[in-house]
Amino acid sequence: MKKLVVVLALLNTACISAESPSLEKVTKLLTPESVVQATDGAIYVSEINEFDKDGDGQISVIRDGKVSTLVKGLDDPKGLAIIGDNLYIADKTKVLKVTLNESPAQLSTFVEASAFANLPQFLNDLEADPKGNLYVSDSGDIMGTGKGGAIYKIDAQGNTTLLVDGKQDERVMAPNGLLADDTGDYLIFVDFTSGILYQYNQSNKALTDISEANFGGGDGVVHHSNGTIYVSDWKSGKVYSMNMNGDVSLLKEGYQSAADIAITKDEQYLMVPDMKAGILDFIPLN
């Protein structure tokens, strides 16, 4: 676990010190998959609605406990990431961009499906690094063979680069949750098929297993500045924590399907979309 400790020390530890008001569970969401909080406190949630039904997906925003629609008419929106004033969305086979500093917010296509090395099957999680790059996981045939996945890097101009896929390394089956470090050298991801947490070194392209635990249907991966990594298991409805030594503990269970988790900017809460239940839950971390 020595390599894990080194990588965790490099992960982004910036947070907002002001405490959030108590956050209450949000219900009646339409198949919520991913969540992210902006620096102004607004919480954005991707809602798939009905799988494989184009046009019925949307992004909702939560402010002061009130839910409203930011943009709609999406296909199967999943992973979310914020860079500056832009919200990025992994939507089925393409990546969309929403300009949050305009009213109304403007929706556009940032990366077309044709821009990827291989036509995406199931774009899933999105992650941003401090240098302004995006990372997106293609979980491949996640509901079928559980293989065919890939991970891509996207620069600020929308140029895509294939980092790793199952053809290069058979351990890459259905990569899901992504976590980038501060340097841009390492990318942590959990595979939905194997339940294994990996570290990918972008410099030498080495893929390393960094946990002996099996996270089942691993979905989301996030990092707290105290060194703790949190991983959600979509299949079992559980959320786990892992400390700097690699010790894994059950944080909470009982969800129908714990999807792509995130931490609030003040690090007071872990946000958990329960996809099948239509709920966004908040787990206090202090």
Side-chain angles (χ1 to χ4, degrees), residues 1-16 34-39 79-84 86 88 90 95 124-139 149-156 159-165 168-169 171-172 175-192 196-213 215 218-232 239-248 260-267 270-271 285:
M1 291 301 167
K2 187 175 182 180
K3 290 184 179 180
L4 172 62
V5 174
V6 172
V7 173
L8 288 182
L10 296 173
L11 289 169
N12 193 345
T13 57
C15 65
I16 297 174
S34 186
V35 59
V36 67
Q37 186 177 41
T39 54
L80 301 175
I82 294 176
I83 299 179
N86 296 319
Y88 295 89
V95 177
N124 208 331
D125 194 27
L126 268 182
E127 169 74 339
D129 70 18
K131 298 179 180 180
N133 298 302
L134 283 172
Y135 301 86
V136 62
S137 58
D138 177 2
S139 295
I151 299 175
Y152 294 90
K153 183 175 183 178
I154 306 171
D155 67 17
N159 301 308
T160 67
T161 302
L162 174 64
L163 292 184
V164 64
D165 64 8
Q168 300 171 13
D169 193 315
R171 292 174 294 175
V172 181
N176 197 340
L178 305 173
L179 177 61
D181 77 316
D182 249 1
T183 67
D185 292 334
Y186 294 95
L187 189 69
I188 290 174
F189 73 90
V190 65
D191 197 289
F192 186 87
I196 296 175
L197 190 66
Y198 290 106
Q199 165 191 303
Y200 180 73
N201 186 322
Q202 296 192 56
S203 299
N204 62 18
K205 304 185 185 306
L207 185 64
T208 308
D209 178 346
I210 59 173
S211 175
E212 297 176 356
F215 294 104
D219 199 311
V221 184
V222 293
H223 172 254
H224 193 285
S225 61
N226 65 13
T228 303
I229 282 181
Y230 297 96
V231 183
S232 59
V239 179
Y240 297 92
S241 64
M242 183 173 69
N243 64 22
M244 293 281 288
N245 295 320
D247 300 320
V248 176
D260 187 19
I261 55 178
I263 294 181
T264 55
K265 288 297 183 179
D266 61 8
E267 298 191 315
L270 184 69
M271 301 182 286
L285 297 179

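All values derive from a computational prediction rather than experimental measurement.
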Minimum heavy-atom distance [X]-[Y], with the two atoms named:
{"X": "Asn133", "Y": "Ile83", "value": "O-CD1, 4.2 Å"}
{"X": "Val172", "Y": "Gly149", "value": "CG1-O, 4.0 Å"}
{"X": "Leu126", "Y": "Ala81", "value": "CB-CB, 4.1 Å"}
{"X": "Ser225", "Y": "Glu267", "value": "OG-OE1, 2.6 Å"}
{"X": "Gly220", "Y": "Ser232", "value": "N-OG, 2.8 Å"}
{"X": "Ile263", "Y": "His223", "value": "CD1-O, 3.5 Å"}

Any [X] side-chain heavy atom under 4.5 Å of [Y] side chain:
{"X": "Asn124", "Y": "Phe192", "result": "no"}
{"X": "Leu285", "Y": "Tyr230", "result": "yes"}
{"X": "Asn201", "Y": "Thr208", "result": "no"}
{"X": "Val164", "Y": "Lys205", "result": "no"}
{"X": "Gln168", "Y": "Leu162", "result": "yes"}
{"X": "Leu197", "Y": "Met242", "result": "yes"}

request  = Evaluate side chain to side chain donor-acceptor pair (under 3.5 Å) for Tyr152 paired with Asp138, printing each intermediate quantity in order.
outcome  = CA-CA 8 Å; Tyr152 294 90; Asp138 177 2; 5.2 Å; no

First locate atom [atom1] of [X], then atom [atom2] of [Y], and finally report the distance between them rounded to the nearest 0.5 Å.
{"X": "Glu127", "Y": "Asp181", "atom1": "CD", "atom2": "CG", "answer": "10.0 Å"}
{"X": "Tyr135", "Y": "Leu178", "atom1": "OH", "atom2": "CG", "answer": "10.0 Å"}
{"X": "Asp185", "Y": "Asp129", "atom1": "CG", "atom2": "CG", "answer": "10.0 Å"}
{"X": "Ile196", "Y": "Phe215", "atom1": "CD1", "atom2": "CZ", "answer": "10.5 Å"}
{"X": "Asp219", "Y": "Ile261", "atom1": "CG", "atom2": "CD1", "answer": "8.5 Å"}
{"X": "Leu179", "Y": "Leu187", "atom1": "CG", "atom2": "CG", "answer": "7.5 Å"}

ask   = Do Tyr198 and Asp191 have a side chain donor and acceptor closer than 3.5 Å?
value = no

message = Do the side chains of Arg171 and Asp169 get close enough for a salt bridge, i.e. N-O under 4.0 angstrom?
response = yes

note = Contacts of Asp260 meeting side chain to side chain donor-acceptor pair (under 3.5 Å) (sequence neighbours excluded), chain-then-number -> Ser34

ask   = For the rings on Phe189 and Tyr200, is their centre-to-centre separation under 6.0 Å?
value = no

inquiry  = Assess the residue pair Ile188 and Ile229 against the criterion (side-chain contact (heavy atoms from CB on, under 4.5 Å)); give the C-alpha distance rounded to whole Å, side-chain angles, the decisive distance to 0.1 Å, and a yes or no.
reply    = CA-CA 10 Å; Ile188 290 174; Ile229 282 181; 4.0 Å; yes

[X] (side chain) donor-acceptor with [Y] (main chain) under 3.5 angstrom:
{"X": "Gln37", "Y": "Thr264", "result": "no"}
{"X": "Thr228", "Y": "Ser241", "result": "no"}
{"X": "Ser137", "Y": "Asp125", "result": "yes"}
{"X": "Gln202", "Y": "Gly184", "result": "yes"}

